[in-house]
Amino acid sequence: MYNKKILDNKIRMLTVPMRGVQSVAVLVLVKTGSRFESRKVNGISHLLEHMAFKGTKKRPTTTEIASLMDGVGAEFNAYTSKEYTGYWIKVAGTHLPLAMDVLSDILLNSLYDEEELRREEGVVIEEINMYEDTPMRNIGDVFEELIFKGSSLGWRIAGSKESVRTVTRSDIVSYVRQQYSAEDMVVGIAGNENNLKATEKLVSNYFGKFKSGKDNKYLPAEFKQKTPAFYHYPKKTDQSHFIIGLRSFPYGHPDRYNLAVLNTVLGASMSSRLWIEVRERRGLCYYVRSGVEEFMDNGYLGIQAGVTISRIEEAVKVILSELDKIRAKPVSADELQRAKENWKGKMILTLEDSHSVASMYTHQELLEGRIEEPDEILRKIDQVTAEDMQRVANEIIRNKGLNMAVIGPYDAKQASAIEKVLQL
């Protein structure tokens, strides 16, 4: 059972006691990311996250912060998405005050040193280069540029090399002042229950200095797609990587768990339909998988694969055939039960890690404004029926929501031939 408190400055605090663990994880989640940026400074959220552990007034260098954390065996990092940014530390429970101290320090008192900023811009540009040289990773960005075309949701989290180079220290300071308000922050703490007794006082002491401000707003993304959309990103590769995606649901949608089980049947395991049909029976790929992406007002079901260059049309036809099958006929009772147990089993495994637990609760609070406890989620998975899954399949598996992006060494004629296959 979790506890929620709202501090005087409007920061929300969640504590989740866990029995049988000695660690504590602290996660600070902020409702801002690439979706909230301007084109000019696209990538600033990610660059700011990189700067987080680069030095504060109290601990002026990266080495001082890293040595302090390493000295207690802590795990620590930060991450950026399109709609949120997270900063976290996981430590032995006795070091919870230190974790609070360091996290609040880097968020309130970072120096954003100009020389460090210039150095870190180079690091981020190399990160961008790495993604562009890795088609298996880059295809996700290419696909979202297609499906969210015309919206900031389609912008890359890391930004472009050009936009990253133009970000100044003044831009970062202004961005923090505008976006990092108390109303848009949630502090989640999960772990050893004995170490959580004085948590409210600790959070008030360390995070009570954050200023209130306006709730961050984003421009809703509306799409009126009527026919399949296709994009080819030409690149000399030895394997073709693609994503076929269908528009689906945002966070908190009533059908999210029906879609979750549907996704499990389709391509979320080594016994899934896509794995068996595309890899095991035809040898078309090394990997094929499906997954669900949710945002505050949109979402999609995506199928990703890396296939033999000359057999991509065959692979696409097989995948579309499996989509047709899953919407045409309800899954069997046995397949449905196996998918449910698979999904529940994976969730239960995540609940053994304090950082995963802090993340589960904190993300729900920030992005949905409500929290479903694990037992409630597991019950809802058990309530999924084959009929509900088929209804959802027929709602989202439609030509007007069908999108495909591919990275590979095709000429215009070959790309056109692939596009012609993209029909349900």
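Because the structure is predicted, anything quoted here is derived from the model rather than measured.
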State whether [X] and [Y] are salt-bridged, where the test is any N-O pair (Lys NZ or Arg NE/NH1/NH2 against Asp/Glu carboxylate O) under 4.0 Å.
| X | Y | answer |
| --- | --- | --- |
| R379 | D375 | no |
| E322 | K325 | yes |
| E372 | K380 | yes |
| R311 | E314 | yes |
| E115 | R119 | yes |
| R281 | E277 | yes |
| E313 | K420 | no |
| E387 | R391 | no |

Taking [X] for the side chain and [Y] for the main chain, is one N or O donor matched with an acceptor at less than 3.5 Å?
| X | Y | value |
| --- | --- | --- |
| T199 | L196 | yes |
| D388 | N258 | no |
| E294 | R256 | no |
| N403 | I147 | no |
| Q390 | R327 | yes |
| Q179 | T32 | no |
| S332 | E335 | yes |
| D184 | K31 | no |
| S416 | K413 | no |
| T350 | M347 | yes |

Grab the two heavy atoms, one from [X] and one from [Y], that are nearest each other, plus how far apart they are.
| X | Y | answer |
| --- | --- | --- |
| V384 | Y257 | CG2-O, 3.6 Å |
| M296 | Y218 | CB-OH, 3.5 Å |
| Y286 | W275 | O-CH2, 4.0 Å |
| I65 | R59 | CG1-CB, 3.9 Å |
| S34 | R156 | CB-O, 4.0 Å |
| E127 | H50 | OE1-NE2, 3.1 Å |

Assess the side chains of [X] and [Y]: does a donor N or O sit below 3.5 Å from an acceptor N or O?
| X | Y | value |
| --- | --- | --- |
| E37 | S45 | yes |
| E145 | Y231 | no |
| S163 | S160 | yes |
| E49 | T80 | yes |
| D171 | S174 | no |
| N263 | S290 | yes |
| T56 | D105 | yes |
| N9 | K209 | no |
| Y361 | E365 | no |
| Y233 | H241 | no |

Could you tell me whether F76 and Y87 have their ring centroids closer than 6.0 angstrom?
no
Sub-6.0 Å ring centroid separation between F295 and Y251:
no
Is it the case that R247 places NZ or CZ above or below the six-membered ring of F223, under 6.0 angstrom from the centre and within 45 degrees of the axis?
yes
Distance under 6.0 Å and angle within 45° of ring axis: R169 vs Y112
no
Does the ring pair (Phe, Tyr, Trp, His ring centres under 6.0 Å) test come out yes or no for Y300 and F143, once each step is laid out?
CA-CA 11 Å; Y300 66 85; F143 176 77; 5.1 Å; yes
Check the pair R35, D297 against salt bridge (charged side-chain N to carboxylate O under 4.0 Å, His left out), reporting the backbone distance first and the verdict last.
CA-CA 12 Å; R35 183 176 197 178; D297 59 346; 2.8 Å; yes
What do the steps show when you test Y84 against V30 for side-chain contact (heavy atoms from CB on, under 4.5 Å), and what is the final call?
CA-CA 5 Å; Y84 53 84; V30 188; over 6 Å; no
Does the side chain to side chain donor-acceptor pair (under 3.5 Å) test come out yes or no for K226 and N399, once each step is laid out?
CA-CA 7 Å; K226 295 182 180 179; N399 275 319; over 6 Å; no
Pairwise side-chain contact, V288 with Q304, heavy-atom cut-off 4.5 Å (strictly under):
no
Could you walk me through whether D133 and R137 pass the salt bridge (charged side-chain N to carboxylate O under 4.0 Å, His left out) check?
CA-CA 9 Å; D133 285 345; R137 167 60 179 79; over 6 Å; no
